[in-house]
Structure formats: C-alpha cells, structure tokens
2 protein chains.
Amino acid sequence: MNIHIATEQDQTEIHRLTANSGVFSQEEVDCVDELWGDYRRDGPERSGYYFIVARGDGAVAGYACYGPRPLTEGVYDLYWLAVDAQFRGQGIGLALIRQVEQDVAAQGGRLIVVETSGTPTYAAARGIYAKAGYLLEATLKDFYHAGDDLVIFTKHM
Amino acid sequence: MNIHIATEQDQTEIHRLTANSGVFSQEEVDCVDELWGDYRRDGPERSGYYFIVARGDGAVAGYACYGPRPLTEGVYDLYWLAVDAQFRGQGIGLALIRQVEQDVAAQGGRLIVVETSGTPTYAAARGIYAKAGYLLEATLKDFYHAGDDLVIFTKHM
C-alpha cells in the first residue's frame, strides 16, 4: 500500500468511493466533489484543502481530506476520511490518519480536530480515531438530527 | 433602537465597528469583510450568510451574522456578533441574538451554535450568551492558542 498526494487521475475513484461508501449522503458526496474542485483548481494552499490517497493493487483504497481551520493558528480539520469497503480492516484508515498527522506537523500544525457523528453507522470511524490516540473532547447532543450527535475528537501534536 | 436586515449603506459602519471593536484581529476583520462581500454579491440564501444591524440615533450600534451550517438540517451558526463600544450595556447584543433566533425559527432552524473564545476578552460575550439561555456545551482546551479555549454554546429552539 502506498499513500501519496492526490492528483487528477484519482478524481474518478475518489468520487466513486465516496458515493459507494454506504455512509455519506448525496449532499456529502457533492461536498467532497466541491472541495476536490477547489483543491484541483486553486491548489491546496489557496483552497485550504489537501487530499491524499492510499492505493493498493493499483486501485484507490481510501483517501483523506484535511486543511487549516480559518481564523486559527495551527489548527487543522480532518474533513473527510473514507476507505473502500473491500479494503477495510487492513489499517488503511489508520495509515491515512498517520500521514495526515505527519503532513500537519510538517506544516507547523499543533492540533487536529475531527468532527464526526455519534450514530452506529460511524462507530467504526470513531473506533479508528480512538485507536489513533484522538481524545473524544466534546459531544453536541442531537446536532445533525434528533438522536444524531456531533462528536468532536482532537489530538494535540 | 431598530433592528433590520443589513443593506449596502450599512457596509462602512459595519466594517468600522468591527475594526474598532478592540476584540477582533485583522484576520477576523478581513473575514467579516469577505462574508459581507458574499452576502451582498450572492444574497443570503446562496451565500449562506445573513447580516442584521441594530441602529440607534441613526448610527449602526451593532450587528450579527448568522447562517445555516453546511451538511446539517436546521443547524445555524451565529458567526459574528458585535456591539459598538459606546452602545454597550444597553441590551443591544441580547436584542440582536433574539432577532437571530426569530429569523432562524422562521427558516425552520432547530439549533443555534455559537463558537467563541474562552479568554477574558470574550467574558462579556460569553455572559450575554449565558443570559440569552445558551448552554455552554463544550470546551476545547488550548484551541486558538495555548490557554485560549474554543467554547461552544448551543440553544435548541
């Protein structure tokens, strides 16, 4: 498995992986497409969105999107993390998180924030963040919907 | 005192008030200008930013900026709230919050989120949110800087 900065030829597979994840809504798929568009058009520094991909057997197995949070110094959001169903359970999510952390540290970041959902659908995702050493720092009850909390993980570098 | 939707003639005073608030950094002043530009160019629905102003004695005494949070249903962020120094202590901040709540309710919103700072500079702001019935739902330690926490207030409508 190989993790690298996402380039134009990754676009189709990133889109397909997001759409087929079984986790994201159409609005969320559209959001990833929009951030990808900004990333490709303006570049990561100007857009504020960085994409990295993990490739296994030549296919995109997963990707992450992160970037600096506006109006902060050294705070980075891990906006998106997705692993293709057929590649799950192989540590690819964790490997992507580690690469994000390396990149953020290299850019002088000191804090990574992950906002995710408290529903059972996201239990595996929350497990990966906990395993990666992220602290469940806040829960905002009934945020996305009644019964669907916003869960905020953080990690100080 | 009169609260109304912000129009083009409020721009200069909103900028001046933000720049002279004694609270906001240059980057934050620039951010307000940018949101204002989006609001005026694309309108509130397309930009996602709504500005309202409070006028007293003909001058802009304060303003608020709010809007729906992307990828949620019915969650609104109160992005900015500022009251001119010479108009403080008259309940204008609270009146602006009440107007935001009315507007959000009219748009079908069910939750308002306020992200602010935990420093002494923002003590008055935090006091107004507490007085307005907002719940201090989360504190992210050392967020903006070491010793400067992110404080999240919420109010369910």
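Note on naming: letters A, B, ... go to the chains in the order of the sequence lines (proteins, then strands), and numbering restarts at 1 for each one.
A:Glu34 does not touch chain B: none of its heavy atoms, backbone or side chain, sits under 4.5 Å away. Neither the backbone nor the side chain of B:Gln26 comes within contact range of chain A, judged by heavy atoms closer than 4.5 Å. There is no contact between A:Leu135 and chain B, counting heavy-atom distances below 4.5 Å.
Inter-residue side-chain proximity for B:Thr154 and A:Phe143 is flagged as unmet; no heavy-atom pair is nearer than 4.5 Å. Here the side chains of A:Leu150 and B:Val75 are not in contact, with every heavy-atom distance at 4.5 Å or above.
Sparse packing is recorded around CD of A:Glu8, with 12 or fewer heavy atoms of other residues, nucleotides or ligands lying under 6.0 Å away. Under a cut-off of 6.0 angstrom, the local environment of CG in B:Leu71 is crowded, with over 12 non-hydrogen atoms contributed by other residues, nucleotides or ligands. Residue A:Asp57 places its CG atom among 12 or fewer non-hydrogen atoms of other residues, nucleotides or ligands, all under 6.0 Å distant. Within a 6.0 Å radius of CZ in A:Arg46, no more than 12 heavy atoms belonging to other residues, nucleotides or ligands are found.
In plain terms, the two heavy atoms of B:His156 and A:Asp142 that are nearest each other are CE1-O, 3.8 Å. Residue B:Glu137 comes nearest to A:Thr139 through the heavy atom pair OE2-O, 3.6 Å, listed as atom of the first residue, atom of the second, then distance.
Taking CD of B:Glu27 as the reference point, atom OG1 of A:Thr72 lies at 8.0 Å (rounded to 0.5 Å). Rounded to the nearest 0.5 Å, atoms CG (B:Leu111) and NZ (A:Lys141) are 13.0 Å apart.
Grouping the Ile, Leu, Val, Met, Phe, Trp and Tyr side chains by contacts below 4.5 angstrom, directly or via other members, places B:Leu81 apart from B:Val32. A chain of hydrophobic side-chain contacts below 4.5 Å, direct or via other Ile, Leu, Val, Met, Phe, Trp or Tyr residues, connects B:Tyr129 to B:Tyr76. Note on A:Ile152 and A:Tyr79: separate hydrophobic clusters, where clusters join Ile, Leu, Val, Met, Phe, Trp and Tyr whose side-chain heavy atoms are under 4.5 Å apart, directly or indirectly.
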